[in-house]
Structures are given as structure tokens and as C-alpha cells.
Enquirer: 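Below you will find the structure I want to go over with you.
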Amino acid sequence: MSYPPIPFLSQSGPAEQAVWIQALSQAMPQERIVSFSALSEQERNTCTVAIVANPDPAQVHALPSLQWVHSVWAGVERLVASLGDSPLHIVRLVDPQLAANMAEAVLAWTLYLHRYMPEYARQQQQRIWAELPYVMPQHRTIGILGMGELGTEAARRLRAADFRVCGWSRRPRSIEGVESFAGDDGLREMLAQTDILVCLLPLTPQTRHLLDAERLGWLPRGARLINFARGAIIDDTALHAALDAGHLAHAVLDVFEVEPPPADGWHWAHPGVTVLPHCSGPTSRETASAIVARHVQAFRERGELPAGVDRAAGY
């Protein structure tokens, strides 16, 4: 059976789009995966599914028969916002490999903070030869904001490294070896005992600037922070102030409200900040394409749609 083509919609450059189209085509050779510009006017009217990565909303709206879109990203807040009240079914990427990649990064940068690597780097610059006191991981509490697929896998990695782990989520969760918190009261209770805070929350209206001056103040003095979620979850002005005041000892930031941060942005030169180029949870094109292929096949053969984004929740 011949199916309508599947457009890959993205605002990335032609080279990046070509790499994705090649990976998707290899995963589903029975389908024709093309860029939006390669579609004829007639084909645009027949497409029922599109694969997207931060697409141009105008291109999505130019496909009148579209029933659903499959994002190759886990974060879909921009896509949800750009489509507004559209009834289009949105599917985000849920990939165990992505969770493993992110958990690896969480463990690596937690160890970076746990073993005082920023402090030792500063001592080297100042030619200071001094050993800092060792803290066993059992005596270090790691708090994770967001206990979905990414947070759960990160918690498992941290527990395997003998850290004490707490997790906060919108709804109560039960994860072996992890003390769970939920709701506003739970957030304050968890932050108050957290030595290293790891943010893995989706960006929604409820989580935007969740970590404001008041909530950052709930952390113990000298706490450290890792943000691998979205920049807007942390109030940037409040973060700057907390670092300047020494309330936070260090922040590892992989995400920012504006990416990359402007050349004159405060983050680059601040001694309490490690800047990363949004690299903590890279998507594997190979495994992502295989997941999309399975979902497309189920749709073609049985009309099944994979689980979609909860518009009200934002993810």
C-alpha cells in the first residue's frame, strides 16, 4: 500500500534536517520521509502524520489533513504553545536511551560538585595546595525535581553510587530507595534538606520560575544546583543573587532562557557557574527513529495513536 509522505518539520539548518531524514528513512524504509520544501501542493493536502523538531508553526498549519505529530524531542512546551488550541494530537519522545544519557550526565555532574571540582579548579588558578574535607556520598542528599522517566532513571544511578536521594513531583511517586515528596509543602521540606539540587522538570506555566528567590532560599546555605531541564524554571535574577551572596556555592547550567546566553551575560564569567551548551541529554537519532517507526507502523496498520501530550499539564 502506498501512503502519503511524512514530512520532517524543523527550523534547524538543511544539514541537520538531512541527517534526521536519513535516520528516519533507514528506520522505516517503506515510508517516504521528506522535508517540507520537498512536498508538492497536492502532497501537503494528504499528509496525516508529521515528524517534528521545533517546527515552524506555519508549516504545521499548512498541512490541512494532519492528524498527529511526533516530536523527536522529549520537551514539547514550545510546540504546545505554538499550536495553541489546535486539536492536533502531539506525541513527545519517550526514549529509554535518552533517559540513560541524562542519568549519566546527572551522575557525572553530581560527582563534579560532590568532589569539589569547581573549588579545586579555583585553587589551581590561585596556586593553592589544600585538601578539602571529604564527605561520603551516604551523607550527601541529592534532591531531584521531576520524577518522570528522566528523574527516575537519574535517581537509580545516584542510589547505585550510594547517595541519599529525594524526589519531588506533581503527584506522589513510590520509587525504591528514594524519599518522595509532592506539593508545595513537600517542595519546601525536600529543598530544606538538599545538598545538591537537580532540576529535570518540564517547563509549564506552573513550573516557570518555580525556583524563585524564596524557594532558592529554602535550600541550605552552601547548596549546589544542576539545571538540566529548561532555563525558565529558575528565576535568573534570583539565581545570580543567591550565588553572589554565597547562599548557593555553585550552579551547573545546561539550559538558559536565551540560548546561547549573550556574550555579555553574567553566567560566562561568574566563578560560581559552570556553563554547558545544552548537551546533558542528547537524543540518539538511531533509537528515536526506531521508536517513531514503531508508532507510525501501528498507525498505518491499525489506526492506533501513541499516547499524546496532556495539554493542560503541558507535557
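Atom set for the values below is all heavy atoms of this structure, side chains included, hydrogens, waters and symmetry mates excluded.
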Enquirer: Could you note down all residue pairs passing salt bridge (charged side-chain N to carboxylate O under 4.0 Å, His left out) where residues 102-120 supplies at least one of them, sequence neighbours left out?
Expert: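 Output for this query lists Glu119-Arg224.
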Enquirer: For Glu259, what residues pass the side-chain contact (heavy atoms from CB on, under 4.5 Å) criterion, not counting sequence neighbours?
Expert: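 Glu259 satisfies side-chain contact (heavy atoms from CB on, under 4.5 Å) with Val255, Phe256, His278 only.
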Enquirer: Could you pull out all residues at least two apart from Ala53 that satisfy side-chain contact (heavy atoms from CB on, under 4.5 Å)?
Expert: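 So Ala53 forms a side-chain contact (heavy atoms from CB on, under 4.5 Å) with Phe8, Ser10, Val72, Trp73.
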Enquirer: Tell me which pairs pass side chain to side chain donor-acceptor pair (under 3.5 Å) where either residue lies in residues 120-129, with sequence neighbours left out.
Expert: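 Of all non-adjacent pairs touching residues 120-129, none passes side chain to side chain donor-acceptor pair (under 3.5 Å).
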Enquirer: Any luck finding a side-chain donor-acceptor pair between Tyr112 and Thr274 under 3.5 Å?
Expert: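 Yes, Thr274 and Tyr112 have a side-chain donor paired with an acceptor closer than 3.5 Å.
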Enquirer: Please set out all donor-acceptor pairs under 3.5 angstrom arising from side-chain atoms of residues 133-152, sequence neighbours excluded.
Expert:
{"from": "Arg140", "atom 1": "NE", "to": "His114", "atom 2": "ND1", "distance (Å)": "3.1"}
{"from": "Arg140", "atom 1": "NH2", "to": "His114", "atom 2": "O", "distance (Å)": "3.1"}
{"from": "Arg140", "atom 1": "NH2", "to": "His114", "atom 2": "ND1", "distance (Å)": "3.4"}
{"from": "Arg140", "atom 1": "NH2", "to": "Tyr116", "atom 2": "OH", "distance (Å)": "3.4"}
{"from": "Thr141", "atom 1": "OG1", "to": "Arg164", "atom 2": "NH1", "distance (Å)": "2.9"}
{"from": "Glu149", "atom 1": "OE1", "to": "Arg92", "atom 2": "NH2", "distance (Å)": "3.4"}
{"from": "Thr152", "atom 1": "OG1", "to": "Met147", "atom 2": "O", "distance (Å)": "3.2"}
{"from": "Thr152", "atom 1": "OG1", "to": "Gly148", "atom 2": "O", "distance (Å)": "2.8"}

Enquirer: Output the rest of the hydrophobic cluster of Ile128: all Ile, Leu, Val, Met, Phe, Trp and Tyr residues reachable through side-chain heavy-atom contacts under 4.5 Å, sorted by chain and number.
Expert: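 Traced through the cluster, Ile128 reaches no other member.
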Enquirer: Does a side chain donor of either Trp266 or Asp236 reach within less than 3.5 Å of an acceptor in the other side chain?
Expert: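 Trp266 vs Asp236: donor-acceptor pair found between side chains.
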Enquirer: Which residues pass the side-chain contact (heavy atoms from CB on, under 4.5 Å) test with Ser289, not counting sequence neighbours?
Expert: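 For Ser289 the side-chain contact (heavy atoms from CB on, under 4.5 Å) partners, ignoring immediate neighbours, are Trp20, Ala23, Leu24, Ala27.
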Enquirer: Quick one: which residue pairs count as a ring pair (Phe, Tyr, Trp, His ring centres under 6.0 Å) with a foot in residues 169-223, not counting sequence neighbours?
Expert: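 The answer is none; no pair qualifies.
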Enquirer: Could you tell me how the ring of Trp68 sits relative to the ring of Phe299: parallel (under 30°), tilted (30 to 60°) or perpendicular (over 60°)?
Expert: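 Plane angle over 60°, so perpendicular.
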Enquirer: Which pairs with one or both residues in residues 208-220 pass salt bridge (charged side-chain N to carboxylate O under 4.0 Å, His left out), sequence neighbours excluded?
Expert: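 Residue pairs with at least one partner in residues 208-220: Asp212-Arg215.
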Enquirer: Please collect all salt bridge (charged side-chain N to carboxylate O under 4.0 Å, His left out) contacts where either partner lies in residues 267-288, sequence neighbours excluded, each pair once.
Expert: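 Of all non-adjacent pairs touching residues 267-288, those that pass salt bridge (charged side-chain N to carboxylate O under 4.0 Å, His left out) are Glu16-Arg285.
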Enquirer: Using the ring of Tyr3 (Phe, Tyr or Trp, six-membered ring only), decide whether Arg300 places NZ or CZ under 6.0 Å from its centre and within 45 degrees of its axis.
Expert: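 The answer is yes; both the distance and angle limits are met.
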Enquirer: Could you work out, with salt bridge (Lys or Arg N to Asp or Glu O under 4.0 Å) as the rule, every residue matching Arg156, not counting sequence neighbours?
Expert: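 Residues passing salt bridge (Lys or Arg N to Asp or Glu O under 4.0 Å) with Arg156: Glu153.
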Enquirer: If the condition is side-chain contact (heavy atoms from CB on, under 4.5 Å), which residues does Asp95 pass it with, not counting sequence neighbours?
Expert: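 Expected list: Leu93, Gln97, Leu98, Thr287, Ala288, Ile291.
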Enquirer: Around atom CD of Glu304, are there more than 12 heavy atoms of other residues, nucleotides or ligands at under 6.0 Å?
Expert: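 Yes, because the 6.0 Å sphere around CD of Glu304 holds more than 12 heavy atoms from other groups.
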